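Residue numbers start from 1 in every chain, and the chains themselves are labelled A, B, ... in the order their sequence lines are given, proteins ahead of strands. All of these numbers come straight from a predicted model, not from anything done at the bench. These values consider heavy atoms only, across backbone and side chains, with no hydrogens, waters or symmetry-generated copies.
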Protein chains: 2
Amino acid sequence: MADRKNDFQKEEQVFLEHLQKAGLKRTAQRDLILEIFLRTEEHLSSEDLYWLVQKQDQSVGHTTVYRTLKLLTEAGLAREVRFGDGKTYYEHHYNHEHHDHMICTECGKVIEFFSPELEALQDAMAEKFGFKLTHHNLRILGVCSDCGKMESELYSAASGALPRVRVVSGKTK
Amino acid sequence: MADRKNDFQKEEQVFLEHLQKAGLKRTAQRDLILEIFLRTEEHLSSEDLYWLVQKQDQSVGHTTVYRTLKLLTEAGLAREVRFGDGKTYYEHHYNHEHHDHMICTECGKVIEFFSPELEALQDAMAEKFGFKLTHHNLRILGVCSDCGKMESELYSAASGALPRVRVVSGKTK
DNA sequence: CCTATAATTGAGATTTTCATTCAAAAGAAA
DNA sequence: TTTCTTTTGAATGAAAATCTCAATTATAGG
């Protein structure tokens with residue numbers, strides 16, 4: 001645990017500004033929750049984050065973590081995502097490019113990907129119907145190459161212009 | 001309530017075949033639930049369908065409707081969809097082309113649309129990552145032209161090559 | 001440094017959805 | 001009919017999301 005307290009100045013400022021605008025107060029709990037959220041580059045449920053916070057401050061309760069995540073979402077720092085297991089997860093939103101999720105229904109692995117073509121097509125689609133698009137949400141469900149026991153050759157062969165991607169997690173069920 | 005009992009022969013046969021294959025029995029409740037489901041071209045939650053069924057047969061319980069919807073899904077007659085409000089809805093699947101949803105966050109209106117380009121792009125994306133795609137799920141959230149008080153001119157002007165579409169519902173919140 | 005005011009906190013309870021249990025009822029087959 | 005198996009539905013359970021309220025804490029103004 002080295003000293004890295006000032007890594008998230010921007011995000012903290014966004015949060016403070018949001019609190020101010022909404023007439024809310026800055027508290028130690030909210031600071032702690034924000035910090036731990038920012039330090040954790042994973043999809044977190046409110047429950048997940050609660051346990052991480054517990055490790056540092058036993059006195060913080062479920063409710064506060066839950067409410068603070070809602071606040072972070074309002075402030076534009078977090079984004080709610082659902083993967084179909086009934087739970088709501090949160091991921092970083094500020095300074096993180098929009099991306100979609102590809103989910104393996106076997107191992108639960110989640111791949112984040114970004115496709116400008118898909119984005120453009122969705123924007124165009126929204127415009128065609130007169131929708132003012134606020135955001136969209138694409139989940140591709142399937143079986144990943146590991147689980148499908150496909151040759152990884154297929155993967156590398158087809159990956160000429162592979163979009164930006166990050167493999168996030170393989171949840172064990 | 002005119003006599004239209006034999007409108008869904010194909011679907012009924014699909015269901016009966018599924019029951020047979022799975023070693024399950026045909027019952028009056030399942031027949032009734034299937035019939036009402038087929039007659040209702042809307043997104044229905046288990047609860048919604050339960051109340052529709054109740055109107056015709058007070059003795060049918062939640063559990064049976066819930067389980068029958070699962071059966072219909074297995075049989076390929078229904079599809080589960082989630083719109084992010086925590087509830088699970090079911091829509092017709094048999095003889096209904098795949099489509100995605102555009103949802104108005106103001107009035108809750110749901111537009112079903114189909115875009116071959118989007119489909120193709122998603123398929124390609126799945127292939128690039130070695131995913132064997134089972135299905136995908138795209139929700140575009142925004143504000144519809146009615147709620148955004150935009151000119152409907154925009155809509156009709158831009159609708160030169162408008163994809164197939166069906167406005168399903170405007171749920172009042 | 002106080003005090004007053006308003007917001008926050010967190011344990012617990014409630015709500016909502018999804019899923020299971022089990023005894024009674026009903027279908028299927030001989 | 002008789003026997004065997006599946007279905008049914010009320011009740012219950014489990015899990016997540018949300019709310020309640022009394023006690024606590026932050027903040028601004030004296």
Side-chain angles (χ1 to χ4, degrees), chain A residues 12 15-34 36 43-75 78-90 171 173, chain B residues 12 15-34 36 43-75 78-90 171 173:
Chain A
E12 274 161 20
F15 186 49
L16 291 182
E17 273 170 18
H18 177 76
L19 289 181
Q20 196 121 56
K21 249 193 302 187
L24 304 177
K25 290 171 180 170
R26 179 180 191 175
T27 68
Q29 290 95 328
R30 286 175 177 168
D31 281 352
L32 177 63
I33 294 169
L34 171 62
I36 296 181
H43 294 122
L44 292 169
S45 68
S46 178
E47 184 74 6
D48 294 338
L49 186 52
Y50 167 75
W51 287 113
L52 290 178
V53 171
Q54 274 286 304
K55 284 202 246 173
Q56 291 200 223
D57 184 347
Q58 303 239 349
S59 76
V60 178
H62 285 91
T63 323
T64 303
V65 175
Y66 169 78
R67 280 182 292 212
T68 303
L69 276 172
K70 294 283 180 194
L71 275 183
L72 295 183
T73 304
E74 286 170 23
R79 183 164 84 116
E80 292 189 355
V81 278
R82 291 161 195 252
F83 296 126
D85 63 355
K87 291 183 198 166
T88 301
Y89 294 91
Y90 293 83
K171 295 169 211 147
K173 330 190 203 186
Chain B
E12 275 163 18
F15 186 50
L16 291 182
E17 273 171 17
H18 177 76
L19 290 181
Q20 195 123 56
K21 251 194 298 188
L24 304 176
K25 291 173 182 170
R26 177 181 192 175
T27 68
Q29 289 95 328
R30 286 174 176 169
D31 281 353
L32 177 62
I33 293 168
L34 172 61
I36 295 180
H43 294 121
L44 292 169
S45 68
S46 178
E47 185 74 5
D48 294 337
L49 185 52
Y50 167 75
W51 287 112
L52 290 179
V53 171
Q54 275 284 304
K55 283 203 242 170
Q56 291 200 223
D57 183 349
Q58 303 239 348
S59 75
V60 178
H62 284 91
T63 323
T64 302
V65 174
Y66 169 77
R67 282 183 292 210
T68 303
L69 276 172
K70 294 283 181 192
L71 275 183
L72 295 183
T73 303
E74 286 171 23
R79 184 166 84 116
E80 292 188 356
V81 279
R82 292 159 194 255
F83 296 123
D85 61 356
K87 290 185 199 164
T88 302
Y89 295 91
Y90 293 83
K171 296 171 210 143
K173 334 187 202 189

Exercise. Has the side chain of Ser46(A) got a donor or acceptor that lies under 3.5 Å from a partner of the other kind on the base of dA17(D)?
Worked result: no
Exercise. Phe15(A) CZ to dT8(C) C1': how many Å, rounded?
Worked result: 12 Å
For this session: List the steps and the verdict of side chain to side chain contact (heavy atoms under 4.5 Å, CB included) for Leu19(A) and Arg30(A).
Result: CA-CA 10 Å; Leu19(A) 289 181; Arg30(A) 286 175 177 168; 4.0 Å; yes
Exercise. Of all the nucleotides listed (dA28(C), dA19(C), dT9(C)), which has the minimum atom distance to the side chain of Arg30(A)?
Worked result: dT9(C)
Exercise. Looking across every strand, which nucleic acid part, if any, lies under 4.0 Å from Thr63(A) by heavy atom: base, sugar-phosphate, or nothing?
Worked result: base
For this session: Can you tell me the distance, in whole Å, between the OH atom of Tyr89(B) and the C1' atom of dT16(C)?
Result: 12 Å
Problem set entry | Partner set under side-chain hydrogen bond (donor to acceptor under 3.5 Å, both in side chains) for Tyr66(B), not counting sequence neighbours | none
For this session: Begin from the C-alpha positions of Tyr89(A) and Asp48(A) and carry the test side chain to side chain contact (heavy atoms under 4.5 Å, CB included) through to its verdict.
Result: CA-CA 9 Å; Tyr89(A) 294 91; Asp48(A) 294 338; 4.1 Å; yes
For this session: Would you kindly give the OH-to-C1' distance between Tyr66(A) and dT15(C), to the nearest whole Å?
Result: 12 Å
Exercise. Which angle, rounded to 10°, do you find between the first-five-pair axis and the last-five-pair axis of the helix from dC1(C)-dG30(D) to dA30(C)-dT1(D)?
Worked result: 30°
Could I get a table of every N or O pair under 3.5 Å where one atom is in the protein and the other is in nucleotides 1-5 of chain C?
none

For this session: Could you tell me which residues satisfy side-chain hydrogen bond (donor to acceptor under 3.5 Å, both in side chains) with Arg26(A), sequence neighbours excluded, listed by chain and number?
Result: Asp31(A)
Distance-only check: which donor-acceptor pairs under 3.5 Å involve side-chain atoms of residues 67-75 of chain B, not counting sequence neighbours?
| residue | atom | partner | partner atom | Å |
| --- | --- | --- | --- | --- |
| Thr68(B) | OG1 | Thr64(B) | O | 2.7 |
| Lys70(B) | NZ | Glu80(B) | OE2 | 3.0 |
| Thr73(B) | OG1 | Leu69(B) | O | 2.8 |
| Glu74(B) | OE1 | His18(B) | NE2 | 3.2 |

Problem set entry | Glu47(A): partners by side-chain contact (heavy atoms from CB on, under 4.5 Å), with sequence neighbours left out | Ser45(A), Trp51(A), His62(A)
Problem set entry | Over 12 non-hydrogen atoms of neighbours within 6.0 angstrom of CD in Gln54(A) | yes
Problem set entry | Phosphate OP1/OP2 of dT9(C) contacted by Ser59(A) side-chain N/O (<4.0 Å) | no
Exercise. Once you round it to whole Å, what is the distance between P of dT20(C) and NE2 of His62(B)?
Worked result: 17 Å
Exercise. Expressed in angstrom and rounded to an integer, what is the separation of Arg67(B) atom CZ from dT21(C) atom P?
Worked result: 11 Å
